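Please read all numbers here as calculations on a predicted model, not as lab measurements. Here, residue 1 is the first one in the sequence, and each next residue gets the next number.
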Amino acid sequence: MIFIEESFHTFKPTEKKAAEFILQNPNEAVNLSIQKLAERAEVSEASIIRLAKKMNCTGFKDLKLKLAYELAKSEHKTEQYEDIPDDGSIKSYIQSISQNNIQAIENTMVLLSEETIEKAISLIADARMIAVYGIGASAIIAQDFKQKLTRINYWCESAIDGDTQLTVSANLGPRDVVFGISYSGLTKDICDSVALAKENGTKVITLTKSGDNVLSLMGDACLYTTSLERNIRSGATSSRIAQLNVIDILFAGITRANKERNIEALERTRKAVGRSKREK
């Protein structure tokens, strides 16, 4: 149950106790009432409710639905995550990397809240300007989102280093949105820049791994992804794919929010780029 495991370090002692029972007995837990689960885990019902909230669930029933989804998915999985295949064949790389990316997207779907996605779309659609921050691998995600929003004529700036992020944040205000992207949620430059923007009344969207972290605790709309990367050798591989998938979801929602205008903008930019290519 990767969505529980990744947030485990953020739990309080009683929440950890409940999480440990669920992780060790998932098939039993999914069929228990909250009263029975509390009794079996030797915790209070309130601890289980708090655990569900930390898992970005609306309540205990939602937690059980996510748990059931994970169980159903695992029954059909024959492949396990592999950081870098021991088998040096090209076939093994194709299979393992593709499977890792698929699993990262599927696991992230469990964490995504429809309400939070809707809120993030609304904040961006109504913003004067959107500032997107990412460093390292997350910078790629930030630049991808800027490119997408620029296509539909939104004022979007991507900042991929600390000094630029602080400079942009100093000029943001209540009509703007800052979007901080950091898988760990602990990247200091991004956290400092988002904090400065928040002081100015700017609305905050975050995209991090599941569970509370420095960045997500500042968010007005907190989006989460999960990956299966276990080893530093792999770098940001499946986590990057999961983040890009969330960006695509947001972009589709923003485009739909004012569909006629945005489709026209997409067509104008497509023609402009196409003309440039023909002239070369």
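Counting only distance, with no hydrogens or angles, the side chain of Lys17 and the backbone of Val43 share no donor-acceptor pair below 3.5 Å. Within the 3.5 Å criterion, the main-chain N or O of Thr58 finds a donor-acceptor partner in the side chain of Lys53. In this structure, Asn200 contributes its side chain and Ser169 its backbone to a donor-acceptor pair below 3.5 Å. Ser122 places no side-chain N or O within donor-acceptor distance of the main-chain N or O of Glu118, the cut-off being under 3.5 Å. Counting only distance, with no hydrogens or angles, the side chain of Asp176 and the backbone of Thr202 share no donor-acceptor pair below 3.5 Å. With hydrogens and angles ignored, the 3.5 Å screen pairs no side-chain donor or acceptor of Lys203 with any backbone N or O of Val177. Proximity of a side-chain donor or acceptor of Asn100 to a complementary backbone N or O of Ser96 within less than 3.5 Å is detected. Looking only at distances, no side-chain donor or acceptor of Asp192 sits under 3.5 Å from a matching main-chain atom of Leu166.
Shown here is Arg256, whose CZ atom has no more than 12 heavy atoms of other residues, nucleotides or ligands within 6.0 Å. Crowding of Glu42 atom CD: a count of heavy atoms from other residues, nucleotides or ligands under 6.0 Å not exceeding 12. Met218 CE: more than 12 foreign heavy atoms inside a 6.0 Å radius. Annotation for Arg128: atom CZ counts as buried by contact number, over 12 foreign heavy atoms lying within 6.0 Å. The 12-atom threshold is exceeded at CZ of Arg50, counting heavy atoms of other residues, nucleotides or ligands nearer than 6.0 Å. With a 6.0 Å radius and a threshold of 12 heavy atoms from other residues, nucleotides or ligands, Glu115 has its CD atom at or below the threshold.
Sorted by first and then second residue, the ring pair (Phe, Tyr, Trp, His ring centres under 6.0 Å) pairs with a member in residues 141-178 read Phe145-Phe179; sequence neighbours excluded.
Once rounded to the nearest 0.5 Å, the distance linking CG of Leu217 with SG of Cys222 reads 7.5 Å. Atom CD of Gln95 and atom OG of Ser89 lie 7.5 Å apart (nearest 0.5 Å). A distance of 10.5 Å separates CD1 of Ile190 from CD1 of Ile160, quoted to the nearest 0.5 Å. Lys148 NZ to Thr150 OG1: the interatomic distance, rounded to the nearest 0.5 Å, is 11.0 Å. Between the CD1 atom in Ile141 and the OG atom in Ser158 there is a gap of 12.0 Å [rounded to 0.5 Å]. Atoms OG1 and CD, on Thr225 and Gln243 in that order, are 5.0 Å from each other to the nearest 0.5 Å.
Here the side chains of Thr116 and Tyr224 are not in contact, with every heavy-atom distance at 4.5 Å or above. For the pair Leu266/Thr255, a side-chain contact is recorded, criterion being any heavy-atom separation below 4.5 Å from C-beta on. Contact of the Asp220 side chain with the Lys198 side chain is registered, since non-hydrogen atoms from C-beta on lie closer than 4.5 Å. Taking the side chain as every heavy atom from C-beta outward, Thr187 and Tyr133 never approach each other to under 4.5 Å. Contact of the Asn258 side chain with the Ile152 side chain is not registered, since no non-hydrogen atoms from C-beta on lie closer than 4.5 Å. The closest side-chain heavy-atom distance from Thr14 to Ser44 is not below 4.5 Å. Annotation: side chain of Phe11 is in contact with side chain of Ile4 (closest heavy-atom distance under 4.5 Å). Residues Lys209 and Ser239 fail the side-chain proximity criterion, which asks for heavy atoms closer than 4.5 Å.
Looking only at atom types and distance, the side chain of Gln35 has a donor-acceptor partner in the side chain of Ser33 under 3.5 Å away.
With hydrophobic clusters built from ILVMFWY side chains whose heavy atoms lie under 4.5 angstrom apart, Ile263 shares a cluster with Leu250. Hydrophobic clustering (side-chain heavy atoms under 4.5 Å, transitive across Ile, Leu, Val, Met, Phe, Trp, Tyr) keeps Ile205 apart from Leu215. Criterion: ILVMFWY side-chain heavy atoms under 4.5 Å apart, direct or through other members. Under it, Leu65 and Leu32 are not part of a common hydrophobic cluster. Both Ile249 and Leu149 are part of a single hydrophobic cluster, where members link through side-chain heavy atoms under 4.5 Å apart. The cluster map of Ile, Leu, Val, Met, Phe, Trp and Tyr, joined by side-chain heavy atoms under 4.5 Å apart, puts Val110 and Val246 in different clusters.
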Before giving the answer on salt bridge (charged side-chain N to carboxylate O under 4.0 Å, His left out), spell out for Arg270 and Glu267 the whole-Å C-alpha distance, their side-chain angles and the decisive distance to 0.1 Å. CA-CA 5 Å; Arg270 184 190 67 79; Glu267 185 62 17; 2.5 Å; yes

Determine, stepwise, if the pair Lys54 / Glu15 fulfils side chain to side chain contact (heavy atoms under 4.5 Å, CB included). CA-CA 9 Å; Lys54 286 194 174 179; Glu15 295 163 358; 3.0 Å; yes

Can you check side chain to side chain contact (heavy atoms under 4.5 Å, CB included) on Val132 and Ile181, steps first, answer last? CA-CA 8 Å; Val132 192; Ile181 304 171; 3.7 Å; yes

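Contact record, Thr206 with Ser216: OG1-CA, 3.7 Å, taken as the closest heavy-atom pair. The minimum heavy-atom distance between Val30 and Asn27, with the atom names listed, is CG1-O, 3.3 Å. Across all their heavy atoms, Gly162 and Ser193 have their closest contact at O-OG, 4.0 Å. Taking all atoms of both residues into account, the shortest heavy-atom contact from Leu51 to Ala18 is CD2-CB, 4.0 Å. The two residues Val178 and Ala197 make their nearest non-hydrogen contact at CG1-CB, 3.9 Å. Across all their heavy atoms, Ala159 and Thr164 have their closest contact at CB-CG2, 3.8 Å.
With sequence neighbours excluded, the residues satisfying side-chain contact (heavy atoms from CB on, under 4.5 Å) with Ile140 are Arg240. The side-chain hydrogen bond (donor to acceptor under 3.5 Å, both in side chains) search around Lys36 returns none, not counting sequence neighbours.
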